[in-house]
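The next block holds one structure in the form of structure tokens; read it before the comments.
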Amino acid sequence: MRCRFVGWALLAGLAAATAQAQTPAAMPATTVSKPVPSAMYTYALRLRPGADLRQELVAFAARQHLKAGAMLTCVGSLTQVTLRLANQEGPTVYRGHFEIVSLVGTLAENGSHLHLSVADSTGRTIGGHLLDGNVVYTTAELVVGVLEDVEFGRETDPTFGYKELVVRPAAATGKRTTRPVAPKKP
């Protein structure tokens with residue numbers, strides 16, 4: 001048992017030293033923002049053939065006035081996939097038939113950050129930043145979680161210069177999301 005503990009301690013120390021060696025000098029002392037708790041409700045929706053996955057999600061966020069949402073799940077298929085791959089400036093476009101393996105990220109009317117993974121007919125999987133130009137083939141079945149008590153913002157992070165997620169309590173902005181009321185069954 002002691003041997004396992006020493007092994008894990010060595011691995012943890014090595015991982016910490018490696019992470020420290022790879023950390024930019026501008027990295028803040030704390031690497032985790034303060035967590036903000038929130039209640040959540042969900043929307044379930046389906047996109048039909050020909051719909052653009054990203055454009056529909058952006059329009060949905062605007063129609064619902066989403067302050068803070070999260071992609072909980074998405075399955076379906078695409079005939080065109082348009083992604084910004086890791087460390088690339090522009091889009092990469094793939095044409096064919098693809099199964100949606102995963103769609104994850106944050107969604108808000110003032111900015112979203114979404115990643116898509118798809119598999120081709122051989123099972124080869126690719127993924128990256130979701131861009132406009134992802135065309136639904138048969139369906140896209142989505143569940144979006146809405147966080148009632150927080151608001152997402154995007155602000156430039158000085159570490160790398162990208163606009164990154166900022167989470168604020170909704171009460172601080174005075175814009176708490178109002179939960180929709182489902183129609184009563186007859």
Side-chain angles (χ1 to χ4, degrees), residues 8 11-12 14-16 18-24 27 31-33 35 38 40-64 66 68-147 150 152-154 156-157 159-167:
W8 283 110
L11 283 174
L14 181 59
T18 302
Q20 190 174 22
Q22 296 174 348
T23 303
M27 188 67 85
T31 57
V32 179
S33 64
S38 179
M40 180 174 67
Y41 61 91
T42 59
Y43 284 101
L45 59 145
R46 176 183 175 221
L47 303 183
R48 299 193 179 274
D52 183 293
L53 185 56
R54 183 177 179 283
Q55 289 176 7
E56 292 294 335
L57 283 169
V58 168
F60 173 78
R63 279 191 310 274
Q64 301 303 324
L66 290 186
M71 288 304 310
L72 300 180
T73 191
C74 176
V75 295
S77 59
L78 303 170
T79 57
Q80 178 175 300
V81 174
T82 306
L83 302 171
R84 185 174 59 77
L85 303 176
N87 208 33
Q88 300 297 312
E89 290 297 319
T92 301
V93 179
Y94 304 89
R95 289 178 175 79
H97 290 97
F98 302 90
E99 291 291 330
I100 298 170
V101 177
S102 176
L103 175 60
V104 298
T106 55
L107 184 64
E109 67 180 336
N110 67 357
S112 300
H113 187 179
L114 299 163
H115 287 196
L116 174 71
S117 294
V118 296
D120 66 13
S121 62
T122 68
R124 184 181 71 129
T125 302
I126 54 172
H129 287 272
L130 179 72
L131 301 176
D132 288 352
N134 288 276
V135 181
V136 173
Y137 178 45
T138 59
T139 190
E141 303 164 4
L142 303 107
V143 179
V144 177
V146 178
L147 305 167
V150 298
F152 292 161
R154 297 265 158 205
T156 302
D157 184 314
T159 307
F160 294 103
Y162 296 114
K163 287 194 171 204
E164 301 292 359
L165 180 70
V166 176
V167 182

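These numbers were taken from a predicted model, which means no experiment stands behind them.
Checked against Tyr94 for a side-chain contact (heavy atoms from CB on, under 4.5 Å), the options Asp120, Val118, Ile126, Asn134 give a single hit: Ile126. Evaluated for a side-chain contact (heavy atoms from CB on, under 4.5 Å) with Leu47, the options Leu57, Leu142, Thr139 yield exactly one hit, Leu142.
The nearest pair of heavy atoms linking Ser112 to Leu107 is OG-CD1, 3.1 Å. Taking each heavy atom of Ile100 and Ala140 in turn, the nearest pair found is CD1-CB, 4.4 Å. Taking all atoms of both residues into account, the shortest heavy-atom contact from Ala68 to Ala108 is N-CB, 4.5 Å. Heavy-atom minimum distance, Leu130 versus Arg54: O-CD, 3.4 Å. The heavy-atom pair separating Thr125 from Ala119 by the smallest distance is OG1-CB, 3.8 Å.
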Listing, residues 71-90 side-chain donor-acceptor contacts under 3.5 Å, not counting sequence neighbours, or none:
residue : atom : partner : partner atom : Å
Ser77   : OG   : Thr138  : N            : 3.1
Ser77   : OG   : Thr138  : OG1          : 2.7
Gln80   : NE2  : Gly133  : O            : 3.1
Thr82   : OG1  : Gly133  : O            : 2.8
Arg84   : NH1  : Gln88   : O            : 3.4
Arg84   : NH2  : His129  : NE2          : 3.0

* Might you work through the side-chain contact (heavy atoms from CB on, under 4.5 Å) test for Val166 and Phe152, ending with a clear yes or no? => CA-CA 6 Å; Val166 176; Phe152 292 161; over 6 Å; no
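Put simply, CG on Leu66 and CG on Leu147 are 9.5 Å apart, with the number rounded to the nearest 0.5 Å. The CD atom of Glu56 lies 10.5 Å from the CG atom of Asp132; values are rounded to the nearest 0.5 Å.
The side chain to side chain donor-acceptor pair (under 3.5 Å) search around Thr106 returns Arg154, not counting sequence neighbours.
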